[in-house]
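Here the structure is laid out as structure tokens; the discussion comes afterwards.
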There are 2 protein chains.
Amino acid sequence: MSGMLLTGIGHLTTNLGEPIERGAVSIRDGHIAFAGAEADAPEQGPSDRLDCEGRAVIPGFVDAHTHLVFAGERSKEFESRLAGEPYTGGGILSTVESTRTSSTEELYDLASGRVRRMIANGTTTVEIKSGYGLDLDTELRLLEVATRLGETHPVTVKTTFLGAHTVSTEYRDDRDGYVELVVEEMLPRAVGLADYCDVFVEDGVFSVDQAERIFAAAASLGLPARVHADQLSRSGGAGLAARIGAASADHLDHVTEEDADALAAAGVSAVLVPGASFSLRSPQAPGPMLWEAGCTVALATDCNPGTSYVEAMGFVISLAVVQMGLTVDQAIWAATRGGALSLGLEDRGALAEGMQADLVVLDAPSPAHIPYRPATNHIWTVIQDGKQSYRRD
Amino acid sequence: MSGMLLTGIGHLTTNLGEPIERGAVSIRDGHIAFAGAEADAPEQGPSDRLDCEGRAVIPGFVDAHTHLVFAGERSKEFESRLAGEPYTGGGILSTVESTRTSSTEELYDLASGRVRRMIANGTTTVEIKSGYGLDLDTELRLLEVATRLGETHPVTVKTTFLGAHTVSTEYRDDRDGYVELVVEEMLPRAVGLADYCDVFVEDGVFSVDQAERIFAAAASLGLPARVHADQLSRSGGAGLAARIGAASADHLDHVTEEDADALAAAGVSAVLVPGASFSLRSPQAPGPMLWEAGCTVALATDCNPGTSYVEAMGFVISLAVVQMGLTVDQAIWAATRGGALSLGLEDRGALAEGMQADLVVLDAPSPAHIPYRPATNHIWTVIQDGKQSYRRD
């Protein structure tokens, strides 16, 4: 029976009640056996001890929206966009080109580097979408790589099929034909490899009607929906997500209070990705309004080579606090428990008896130091499934 | 005779002409012996070689505005400010309290950690201000610590006396008396320890008249001026800096085109600190306008515990490009050559024969990756005065 006892925690965020000032966490067999005041910790704890010397402990980050399996980079597109070129999602096709021509091993190696940097930045669970293949073979290879990353790295991976990321070059003049391909050929083969199905709903990408068709097919195959919704305009993605009872509606830069109420009523999580709004110089999604409306708010990196080449949840939290206006406590909750709930993972994102032992020791006295010192990686130690997955030298 | 030859540079920014695609740099005795196309490199280079394998090389960062010697932290003030409390500069006094009561060794150890993290983020020259003492003894201790940091770390330190950071608690009701103290008691003792004199010119802090008196006394002692100017309002600091021919005017969030023209005509460098505007949620200084006006634009961290607890110049460059609107090339120039010129260091911030060998190898194919991947520390190797000062494991 393996275990570990963390003592001397200066600030313990359990996500269940107020932070605890002098905390301890006991871990047994990959699960939390105790999380609370050090004075209340059971005397017979595990013999493997870690003195946190006043550092803060929070649940591990759950990054609920990434596109991290791809080849190539788009720094030149980034520069031209800042010089005035508008973003319409078109650059995706250049990543599709470099991804299709890369071997599965190359894609795995590139993605593995990103996952390892994410772990070093405190991530213990990550959602990974396909979407840079746009043909059956490559989409399946991307989902296989994503699945394999979870088997070979100390991180839980949830996979999402995003064949409808954009219309492939081959189907440029037959957009409905591409939807047909996604529904008839890709989706059935994604079953067993993907946990979710996603569609980029946006003017000029996929319409609400096209998305609805894809999500209906996915639902019939047992794949719940995650929706790229209302990122560049209020194009109806959030409304659709609420109507079909999606697991999550993501981005949401342009949602209204009416949309927020509909999402909250339908139990759809709001996954916000401030790194994309930062890089695109667009206003942040209305995080505080979504929170007030009663939505389960989650934060994610949106790690992708076009609009948010971000691997660190700490940076996302800084933007959520400084630019979006969430409080530190809300942002930490959204980056941990919110992400977990959006992925249906009730057993993590909080520190209490029985939860999976995924947590981060910050090299700081409180989580407020993440946005207070926004250019610093505050991660000291990461524990995933009860085992140390990262420790700063 | 010591030396090093860097080969395989995929993108060489010399700050003297266009970037070079296949570059090499040769170093001898702490100075650049050659920087240019690999094909043109002298055949008899140093035997110690570093293959950059396509990575980008840029001059080392010159961080021209920091307050990095202090004790304590102000994350709670940061949180209340984001919750709506206005910033007026008042929090400085809480840092003064914790700094005064710390021993010189404690201050040195805390500052040493910050300097080491700066070096790991590519900084090779750093300006350090006093200003958290506000009494003779502590101000001198801060300048001594700053000087010692340059002797004990692989970094060039320039020091600035900022006794007029704010009025000390003791002189709360006798602000002119405090100016008198700065001029009569502190300034003469700062000579020999400080390279520059700075004043925080702002409504409610020091007036233009008070600052002018301090700068006149400093000039008579041989200390050129750096000016905290027009950060929170257009309070006249930039105009003063131009009038007295200061070395630099810093912050400049509220300057007009008229101010910019005056600074350019007077040869005053414009030191911009986007980390402070980011943390304060205030609009960025008009970097492109200052550049167009012909100012020498520099970028700096403003590392301080109140408004910009930032140690990484990479984060500053990301903000300068994404939020302020400088191009990548302008931002890199400002973070290297611009900072050096603002500190009168003609021999660095550019890579050419005879320059001090201060440079950074990025773990990226071009400097555009700094803002393109804004949450990543891109530093692979730092060379300062011809010697490796940091190398990623």
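This one's a predicted model, so the numbers in the text were calculated from it and none came from an experiment. Residue numbers begin at 1 in each chain, while the letters A, B, ... track the order of the sequences. All values below were derived from every heavy atom in this structure, side-chain atoms included, with hydrogens, water molecules and symmetry-related copies excluded.
Contact residues of residues 322-330 of chain A toward chain B are A:Val322, A:Gln323, A:Gly325, A:Val328 (heavy-atom distance under 4.5 Å).
For B:Val321, the parts lying under 4.5 angstrom from a heavy atom of chain A are both the backbone and the side chain. Residue B:Pro371 touches chain A through both its backbone and its side chain, counting heavy-atom pairs closer than 4.5 Å. With a 4.5 angstrom heavy-atom cutoff, B:Thr376 touches chain A only via side-chain atoms. For chain B, the nearby parts of A:Pro305 are the backbone and the side chain; heavy atoms of each come within less than 4.5 Å.
Within 6.0 Å of CD in B:Glu97 there are 12 or fewer heavy atoms belonging to other residues, nucleotides or ligands. Other residues, nucleotides and ligands place no more than 12 heavy atoms under 6.0 Å from the CD atom of B:Glu21. Within a 6.0 Å sphere centred on CD of B:Glu105, other residues, nucleotides and ligands contribute more than 12 heavy atoms.
The aromatic rings of A:Tyr372 and B:Tyr309 stand perpendicular to each other, their planes meeting at an angle above 60°, with 30° marking the opposite boundary.
The salt bridge (charged side-chain N to carboxylate O under 4.0 Å, His left out) search around A:Asp109 returns none, not counting sequence neighbours. In this structure, A:Glu79 has no salt bridge (charged side-chain N to carboxylate O under 4.0 Å, His left out) partners at least two apart in sequence or on a different chain.
Under the salt bridge (charged side-chain N to carboxylate O under 4.0 Å, His left out) criterion, the residue pairs touching residues 306-316 of chain A are A:Arg117-A:Glu311, A:Glu311-B:Arg373, with sequence neighbours excluded.
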